[in-house]
Amino acid sequence: LQAQRGHLPLAQDAAARSIELCRQANPKRLAWAYMVKGKASYLADDFGAAKQAFLDAREQAATHDDQQHMSHIAGNIGNCCVALGDVHEAREWIERAVEFSRRFKQPALEASWLVELGRIAMVQDRRSEADNLAQAALKIARPSGQSLTIFRAEWLRHRVAGPDRTES
């Protein structure tokens with residue numbers, strides 16, 4: 001809630017407190033608490049701390065067999081890697097996120113991560129691959145009306161078709 005309101009220091013404090021509480025009361029929810037910390041850190045442009053929090057979330061999710069969140073976690077680690085400038089590692093993590101979303105039948109996440117893979121393909125100047133990934137995302141997102149993912153995929157296709165080859 002604090003992050004949505006733009007109160008990032010309060011969001012980061014709340015995330016740290018939730019980690020403490022989960023350790024004591026419900027360790028199965030610890031992965032979620034680390035995900036909240038990662039999101040708050042990411043929004044505060046502290047990408048190194050965000051990546052570490054998502055790695056901690058991954059460790060906790062694996063420890064407690066929390067497969068539901070693995071796609072989110074892997075993709076968010078990938079987004080942190082993009083922000084940190086490591087496109088190669090980012091691609092590996094987001095490919096894992098796509099695989100998790102397929103394995104656990106999460107089509108909305110699959111479509112979203114396919115768009116992210118397309119953005120990485122653009123950074124790597126793989127325009128044809130980026131367009132193919134955007135089209136694959138649209139195939140999934142359109143039937144279920146995922147408007148944000150549809151917009152992102154269409155925007156990616158627009159960028160592929162246009163003369164601007166830089167990532168924004």
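Along the sequence shown, the residues carry numbers beginning at 1.
Listed for the Ser101 side chain is a donor-acceptor partner under 3.5 Å among the backbone atoms of Val98. Judged purely by atom type and a 3.5 angstrom limit, Arg127 uses its side chain to pair as donor or acceptor with the backbone of Val160. Of the possible polar contacts, none joining the Ser112 side chain to the Ala108 backbone as a donor-acceptor pair under 3.5 Å is found.
By the side-chain hydrogen bond (donor to acceptor under 3.5 Å, both in side chains) test, Glu116 pairs with Arg119, Arg152, sequence neighbours left out. In this view, Ser71 and Trp113 satisfy the side-chain hydrogen bond (donor to acceptor under 3.5 Å, both in side chains) rule, not counting sequence neighbours. Partners of Asp131 by salt bridge (charged side-chain N to carboxylate O under 4.0 Å, His left out), not counting sequence neighbours, listed by chain and number: Arg157. Residues passing the side chain to side chain contact (heavy atoms under 4.5 Å, CB included) test with Ala57 are Tyr34, Met35, Ile73, sequence neighbours excluded. Contacts of His64 classified as side chain to side chain contact (heavy atoms under 4.5 Å, CB included), with partners at least two apart in sequence or in another chain: Pro27, Lys28, Gln60. Qualifying side-chain hydrogen bond (donor to acceptor under 3.5 Å, both in side chains) partners for Gln68, counting only residues two or more places apart in sequence or in other chains: none. Ala44 meets the side chain to side chain contact (heavy atoms under 4.5 Å, CB included) test with Leu8, Gln12; sequence neighbours excluded. In this view, Arg91 and Glu95, Gln124, Glu129 satisfy the side-chain hydrogen bond (donor to acceptor under 3.5 Å, both in side chains) rule, not counting sequence neighbours. With sequence neighbours left out, the side chain to side chain contact (heavy atoms under 4.5 Å, CB included) criterion links Ala137 to Ala111, Leu114, Val115, Ala153.
Pairing each heavy atom of Phe100 with each of Met70, the nearest pair is CD1-O, 3.7 Å. Counting all heavy atoms, side chain and backbone alike, Phe54 lies closest to Gly38 at CZ-C, 3.4 Å. The two residues Ile94 and Leu117 come nearest to each other via the heavy atoms CG2-CG, 3.7 Å. Scanning all heavy atoms of the two residues, the minimum distance from Ala50 to Cys80 falls at CB-SG, 3.6 Å. Closest of all the heavy-atom pairs between Ile140 and Pro107 is CG2-O, 3.3 Å. Scanning both residues, Ala130 and Leu156, for their nearest heavy atoms gives O-CD2, 3.8 Å.
Chaining together hydrophobic side chains whose heavy atoms lie under 4.5 Å apart places Val36 alongside Trp32.
Under the salt bridge (charged side-chain N to carboxylate O under 4.0 Å, His left out) criterion, the residue pairs touching residues 136-147 are Arg142-Glu154, with sequence neighbours excluded. Judged as a salt bridge (charged side-chain N to carboxylate O under 4.0 Å, His left out), the pairs with a partner in residues 40-58 (not counting sequence neighbours) are, in order, Lys51-Glu89.
Both Leu133 and Val123 sit in one connected hydrophobic cluster of ILVMFWY residues. Membership requires side-chain heavy atoms under 4.5 Å apart, directly or through other members.
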### Task
Test side-chain contact (heavy atoms from CB on, under 4.5 Å) on Lys39 and Tyr42 and set out the steps.
CA-CA 5 Å; Lys39 180 178 180 180; Tyr42 188 89; 5.6 Å; no

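To the nearest 0.5 Å, atom NE2 of residue His88 and atom CD1 of residue Ile120 are 11.0 Å apart. We find the CZ-CZ distance between Arg103 and Arg96 to be 11.5 Å, quoted to the nearest 0.5 Å.
In this pair, His72 and His69 present their aromatic rings tilted. The plane angle is within the 30 to 60° band.
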